[in-house]
Amino acid sequence: MLNFIDTVGEAVADIKDGSTVMIGGFGNAGQPFELIDALLDSGATDLTVVNNNAGQGDQGLALLIKEGRVRKMICSFPRQSDSWHFDTKFKAGEIELELVPQGNLAERIRAAGAGIGAFFTPTGYGTMLAEGKETRLLDGKWQVFETPIHADVALIKALKADRKGNLVYRKTARNFGPIMAAAAKHTIAQVSEIVPIGALDPENVVTPGIYVNSIVKVA
Amino acid sequence: MLNFIDTVGEAVADIKDGSTVMIGGFGNAGQPFELIDALLDSGATDLTVVNNNAGQGDQGLALLIKEGRVRKMICSFPRQSDSWHFDTKFKAGEIELELVPQGNLAERIRAAGAGIGAFFTPTGYGTMLAEGKETRLLDGKWQVFETPIHADVALIKALKADRKGNLVYRKTARNFGPIMAAAAKHTIAQVSEIVPIGALDPENVVTPGIYVNSIVKVA
Amino acid sequence: MSIQTNVQTSATPLGRDELAALVARDIAPGSFVNLGIGQPTLVSNYLSEEQNITLHTENGMLGMGPEAHGDEIDGDLINAGKIPVTELPGASYFHHADSFAIMRGGHLDICVLGAFQVSATGDLANWHTGAPDAIPAVGGAMDLATGAKDVFVMMTLLTRDGASKLVEQCSYPLTGVGCVTRVYTDKAVFLTGPDGVSVRETFGCTLEELQALVPVPLKAVAAVGV
Amino acid sequence: MSIQTNVQTSATPLGRDELAALVARDIAPGSFVNLGIGQPTLVSNYLSEEQNITLHTENGMLGMGPEAHGDEIDGDLINAGKIPVTELPGASYFHHADSFAIMRGGHLDICVLGAFQVSATGDLANWHTGAPDAIPAVGGAMDLATGAKDVFVMMTLLTRDGASKLVEQCSYPLTGVGCVTRVYTDKAVFLTGPDGVSVRETFGCTLEELQALVPVPLKAVAAVGV
């Protein structure tokens, strides 16, 4: 069921402790900063967060980590020049890390949304990130068995939503939004604009409304 | 390398006997009729054809089958009220059939283009179409091991191409076009219009030009 | 929708259109629905605008409108049965892999299908008679059976020969295992699941008369709510 | 591009920009290319318009243009290194799964990467020093190493301590197995593969001098063409 919600606070109010939360964005592009701030304010804790990174500087996901709300990160690139909050927690053994090659991260999220129970991928074969994983020779290449990443909630950012919940994005801010929307039980999208039904060309819809549960406009 | 080609005959001239050829379309929507006719004229034979159906009436794929050019069909729905050429060949034991549930057909084609070596899908579990296949309990569902379908050539139909080979489609004629373009070594697209670079909005490109090798305009 | 103890809600068996209207009434507002080819397509005639139902067609569209007529007919806009259809405002198009991801991923609320047979545990047989000389053709049937949150079947309860299509175990080749949650027939609405078959309502027969027609143990649905 | 028997093509080792220009010259017209973060990014400065190269960035774009400056800067348009970039005519955007499908599916012609070490059989180590207290971060490195038709590495041949980065077997954790096809260094261009390491050209040293620096057996590339 699709709901249009007035504030980011109400939009994230039902996120429970212990949830797995996907957060869209690559770098700052497509990061739903306002929804992340609202999640921080909500007090939800013991979270597993799926994002490409593990927070940067003193904002957004970095603050969630600093405040001890994140039990586990699933990401491809936690270490950055300004990922000091993650670094501190990780070295103190206070946060769990599942490091996933970026393409496997994307494909595992896509598999969850598409109802694929598992897949074999050549990426990571023969590396420490595939240690202990089942492997198989397929199409002449050794491949690694990988499983979907499902989530309770996805927080994503899009450019526009229509009143059916259809979404379009902007440039490289699209990144993880469409696949996370499909992989989560409940998808919350912050958008810059809400347009009437019929204002988006059906040929150009990127995320069909079937994947979206809550929409909040952020100025 | 992308080529713009004047005639459908030249476009299909290099398709070799014994090739696996994907043909886009669902019903008549998105069927590249002119390319199929050119393939018939080319004389190429011993083909494996991947299409949702196995030809209808006395046109297109049905004629390829009638003329004995198709060794094997990989499809989801061969039997139709007017699939008489396929029916005759099949009952005479003169054509091989690999019957694949439509969603597994689509996902196996997608896997080929995406470099996924195999995947597990719940579709078909416990049915005669999964007999002899490896199964596994994943995410609480019994799932079936399926492998990618690669092709030598894809023949697809799109609405417009720009001079970079980017494609857009029209309505439900999109169907198998984008995934077949990615799954084949050589993709030939017939289009209604060729537009200059910059005429397609980068947000709305459906098949990026990297997947397209030959483009021919069909009036 | 209220679920009640077994009630004979009609004095006569339901016709195809009455059954379609009943299915339509049972679809929750705002649902995303796929209507299979044949009898299930009739359901679309009885969906009200207030229900705000979005129809999916597996050949790549959400927001499918009614069948197209006359000038509306567009060869590029067809449904899974290859019938020309129309586009409603708020529609979207996508390719076949994305379309079946919607189904397989469990995003559709309801899929309505025809059937040759349904078993007591919800197995579905609707794609193949199993005749040795038949050319098999499956299309999207197995994907539809597997993917939706609820799979409703619409069928006559009996074959022309009077045999029950609701069976202990399907004799026709299966489309999906344990996938059907509800069976709408001319004589009754059945709920199927791991606990066996319950009867929600009957049409033109009592539960006892119904049981005499059907080779699986039936029970009345327990009262829910008021 | 002509491949010649071992030739010293420069009297001195190549600088970073000269090396980038050489890689750029070796990219066939019409290629689709991904340039890794760091030194490989320099290659874009030397691609000519006539080459008609299309650049891919794994965060969802084909047709990436040069770095953005001043008013061009748009927070929604960045590359994999999170640097603001521009869009060229004929570009396209797609989501992350589609973007990595382009890589994993083998559709890119060339990927150019930096490296800590490359082995004689083309194993690549470029993501992790293996230090016990290091926080690991892999990003798209393993996907890039696995997916492109050709993986070119750009690196200095020696570490600051004078150790060869071209090694018999990588001591750093691997990024990919047997994936590197060509290694561009300040002192030579190496071709790697199942048959071992060949030297295409040297810069400021002879093949013999080069062999003294490198712990794997080198051979000159056989003459091709005229």
Side-chain angles (χ1 to χ4, degrees), chain B residues 24-31 52-54 56 75-80 83 86-87 90-91 97 99-111 113-114 121-130 141-143 157 159 169-182 206-207, chain C residues 37 57-62 64 74-87 91-106 123-130 133-147 170 172-179:
Chain B
F26 179 91
N28 287 345
Q31 286 270 5
N52 188 61
N53 305 104
Q56 298 174 253
C75 68
S76 86
F77 209 81
R79 185 195 65 232
Q80 309 209 62
S83 59
F86 175 83
D87 300 0
F90 184 76
K91 290 186 174 174
L97 170 64
L99 188 71
V100 184
Q102 198 174 142
N104 287 357
L105 184 66
E107 189 68 12
R108 291 175 63 190
I109 295 168
R110 189 259 173 197
T121 167
T123 302
Y125 174 77
T127 75
M128 57 186 268
L129 296 188
K141 282 185 190 174
W142 280 99
Q143 310 215 13
K157 179 182 174 180
L159 178 65
Y169 300 82
R170 189 165 175 278
K171 301 189 185 285
T172 60
R174 186 184 303 195
N175 58 67
F176 285 95
I179 52 176
M180 288 181 169
V206 175
T207 293
Chain C
I37 297 172
T57 182
E58 57 262 42
N59 53 318
M61 179 186 198
L62 276 164
M64 180 175 68
D74 178 339
D76 286 344
L77 181 46
I78 60 176
N79 67 13
K82 290 157 193 166
I83 310 294
V85 291
T86 52
E87 167 192 303
S92 55
Y93 296 102
F94 27 80
H95 62 58
H96 245 78
D98 281 350
S99 185
F100 282 79
I102 288 175
M103 293 153 66
R104 195 190 310 104
D123 292 354
L124 172 68
N126 79 345
W127 75 283
H128 192 10
T129 61
D133 65 335
I135 297 174
V138 67
M142 291 184 180
D143 308 275
L144 287 163
T146 306
C170 296
Y172 288 115
L174 290 191
T175 309
V177 176
C179 54

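We name chains A, B, ... by the order of the sequence lines, and we start the count at 1 in each one.
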- Query: How would you list, by chain and number, every residue that makes a ring-ring contact (aromatic ring centres under 6.0 Å, His included) with B:Y125, sequence neighbours excluded?
  - Reply: B:W142
- Contact part of C:Y93 toward chain B, heavy-atom cut-off under 4.5 Å: side chain, backbone, both or neither? both
- Separation between CG of C:D74 and CZ of B:R170, rounded to the nearest 0.5 Å: 4.0 Å
- Against chain C, label B:Y169 side chain, backbone, both or neither, depending on which of its atoms sit under 4.5 Å from a heavy atom there. neither
- Message: Counting only non-hydrogen atoms closer than 4.5 Å, does C:S92 touch chain B with its backbone (N, CA, C, O), its side chain (CB onward), both, or neither?
- Response: neither
- Query: Of the backbone (N, CA, C, O) and the side chain (C-beta and beyond), which part of B:V100 lies under 4.5 Å from a heavy atom of chain C, both, or neither?
  - Reply: backbone
- Message: Quick check on the interface: out of B:S83, B:A54, B:G126, who has the most heavy-atom pairs with chain C under 4.5 Å?
- Response: B:G126
- Message: Report which part of B:R110 has an atom under 4.5 Å of a heavy atom belonging to chain C: side chain, backbone, both, or neither.
- Response: side chain
- Message: Could you walk me through whether B:N53 and C:K82 satisfy the side-chain contact (heavy atoms from CB on, under 4.5 Å) test, starting with their C-alpha distance in whole Å, then the side-chain angles of each, then the deciding distance to 0.1 Å, before giving a yes or no?
- Response: CA-CA 12 Å; B:N53 305 104; C:K82 290 157 193 166; 2.9 Å; yes
- Query: Which of the residues C:G139, C:A145, C:A97, C:G178 is involved in the greatest number of heavy-atom pairs with chain B at under 4.5 angstrom?
  - Reply: C:G139
- Task: Answer yes or no: are there more than 12 heavy-atom neighbours, outside B:F90 itself, under 6.0 Å from its atom CZ?
- Result: yes
- Item | pair C:W127-B:L129: side-chain heavy atoms closer than 4.5 Å | yes
- Relative to chain B, which segment of C:P173 carries a heavy atom at a distance below 4.5 Å: side chain, backbone, both, or neither? side chain
- Quick one: does C:R104's side chain have a donor or acceptor within less than 3.5 Å of a partner on B:T121's backbone? no
- Tell me, side chain or backbone of C:N79 under 4.5 Å from chain B's heavy atoms, or both, or neither? backbone
- Item | Interface residue of largest heavy-atom contact number with chain B, from C:G140, C:A125, C:P136, under 4.5 Å | C:P136
- Just how far is it from atom OG1 of B:T127 to atom NE2 of C:H128, taken to the nearest 0.5 Å? 10.5 Å
- Task: May I ask you to name which of B:N104, B:L105, B:L99 has the most heavy-atom pairs under 4.5 Å with chain C?
- Result: B:L99
- Message: Using 0.5 Å steps for rounding, measure from the CG atom of C:D76 to the NZ atom of B:K171.
- Response: 8.5 Å
- Evaluate the ring planes of B:F26 and C:H96, with Trp represented by its six-membered ring, and classify them as parallel (under 30°), tilted (30 to 60°) or perpendicular (over 60°). tilted
- Winner by heavy-atom pair count (cut-off under 4.5 Å) against chain B, out of C:T146, C:D133, C:V85: C:T146
- Item | With sequence neighbours excluded, residues passing side-chain hydrogen bond (donor to acceptor under 3.5 Å, both in side chains) with C:E58 | C:N34
- Interface residue of largest heavy-atom contact number with chain C, from B:P178, B:P101, B:G30, B:G177, under 4.5 Å: B:P101
- Query: Side chains of C:I135 and B:K91: closer than 4.5 Å at any heavy-atom pair?
  - Reply: yes
- Item | Residue pair C:G75 / B:A29: nearest heavy atoms and the distance that separates them | O-CB, 3.5 Å
- Task: For each of B:N52, B:D87, B:N28, tally heavy-atom pairs with chain C at distances under 4.5 Å, and name the one with the top tally.
- Result: B:D87
- Query: Got a second to check how far B:N175's CG is from C:F94's CZ, nearest 0.5 Å?
  - Reply: 12.0 Å
- Message: Distance check, rounded to the nearest 0.5 Å: C:F100 atom CZ versus B:E107 atom CD?
- Response: 11.0 Å
- Message: Is it the case that the side chain of B:T172 and the backbone of C:G60 share a donor-acceptor pair, with hydrogens and angles ignored and the cut-off at 3.5 Å?
- Response: no
